Amino acid sequence: LAKTTQPISMDSYEGQEVNITCSHNNIATNDYITWYQQFPSQGPRFIIQGYKTKVTNEVASLFIPADRKSSTLSLPRVSLSDTAVYYCLVGYSSASKIIFGSGTRLSIRP
Amino acid sequence: EPEVTQTPSHQVTQMGQEVILRCVPISNHLYFYWYRQILGQKVEFLVSFYNNEISEKSEIFDDQFSVERPDGSNFTLKIRSTKLEDSAMYFCASSESTGELFFGEGSRLTVL
């Protein structure tokens, strides 16, 4: 399974766009890239998933370059409630062993 | 919106006791998982379950752990003889084959 590397923590301010980059140099051809969000004392929550190029939903955008060795989660106009840990995962869609890395602790300030 | 439900939300037990954590996955999902998270640490994979058998398990999931889907709706995690280091939040998750996991709110286990 491809290993992922993310910044341990990031800080930003309300109203800013936040970009969290994840490196996954050993990504395999059939691997997808998935991001989860976790608030304290809650289970992780799916944010977005992509295979290549760009994916956008009502919450975030996911940018994946052509070589797929990295990906960037973009959160537009963050608010205090976006303070959470964000996890980047890489694996194929029906994988039965889905491993979370250490995640990025995002802190949003007023 | 369908959700994964877990019980109990919090259980306190004595070291050496057996604990059963229960989960009701989303009804049309086929893949089931247990994860745990020790306070302040990352989410750790324990086991995945598909077609009534274990698909994958981690090195954490030793002989003290077992999983079962006894009645087609519940998915349980049993810890036979709890240790202090088993204290953690245990999360159940389920999915279709899309890679999107749906997590429950977790069961906090405290071993004294």
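Throughout, a chain's letter reflects where its sequence line sits, starting with A, and its residues are numbered from 1. When reading the values below, keep in mind they use all heavy atoms of this one structure, side chains included, and skip hydrogens, waters and symmetry mates. Please read these numbers as outputs of a predicted model, since none were measured by experiment.
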Problem set entry | Partners meeting side chain to side chain contact (heavy atoms under 4.5 Å, CB included) with A:Thr56 (sequence neighbours left out) |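 Once residues adjacent in sequence are excluded, the partners of A:Thr56 under the side chain to side chain contact (heavy atoms under 4.5 Å, CB included) criterion are A:Lys54, A:Ser61.
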Exercise. Are B:Tyr35 and A:Phe100 near enough that their ring centres are under 6.0 Å apart?
Worked result: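 Close enough - the centres of the two rings lie under 6.0 Å apart.
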Exercise. Under a 4.5 Å heavy-atom cut-off, does chain A meet the side chain of B:Gln37, its backbone, both or neither?
Worked result: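 Just the side chain, heavy atoms under 4.5 Å.
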Problem set entry | Contact origin within B:Tyr50 toward chain A - heavy atom pairs under 4.5 Å |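 Neither part; nothing is under 4.5 Å.
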Other residues, nucleotides and ligands only: do more than 12 of their heavy atoms fall within 6.0 Å of [atom1] on [X]?
{"X": "A:Tyr13", "atom1": "OH", "answer": "no"}
{"X": "B:Lys83", "atom1": "NZ", "answer": "yes"}
{"X": "B:Arg69", "atom1": "CZ", "answer": "yes"}
{"X": "A:Ile8", "atom1": "CD1", "answer": "no"}
{"X": "B:Leu84", "atom1": "CG", "answer": "yes"}

For this session: Enter the distance from A:Ile98:CD1 to B:Phe45:CZ here, rounded to the nearest 0.5 Å.
Result: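 Output value for this atom pair is 8.0 Å.
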What is the minimum heavy-atom distance between [X] and [Y], and which atoms define it?
{"X": "A:Gln42", "Y": "B:Glu105", "answer": "CG-OE1, 3.8 Å"}
{"X": "B:Arg108", "Y": "A:Ser41", "answer": "NH2-OG, 3.6 Å"}
{"X": "A:Tyr87", "Y": "B:Lys42", "answer": "OH-CA, 4.2 Å"}

Name the atoms and distances for all side-chain donor-acceptor pairs under 3.5 Å in residues 14-22 of chain A, with sequence neighbours left out.
| unit_1 | atom_1 | unit_2 | atom_2 | d |
| --- | --- | --- | --- | --- |
| A:Glu17 | OE1 | A:Asn19 | ND2 | 3.4 |
| A:Asn19 | OD1 | A:Ser74 | OG | 2.9 |
| A:Thr21 | OG1 | A:Thr72 | OG1 | 3.1 |

Exercise. Given the options B:Gly106, B:Ser58, B:Ser48, B:Gly104, which has more heavy-atom pairs under 4.5 Å with chain A than any of the others?
Worked result: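 Among the listed options, the one with the most contacts to chain A is B:Ser48.
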Exercise. Would a 4.5 Å heavy-atom cut-off, applied to side chains only, mark A:Gln38 and B:Val43 as touching?
Worked result: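 Touching, per the 4.5 Å side-chain cut-off.
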Exercise. Under 3.5 Å, is there a donor-acceptor pair between the side chain of A:Tyr36 and the main chain of B:Leu101?
Worked result: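 Checked: pair present.
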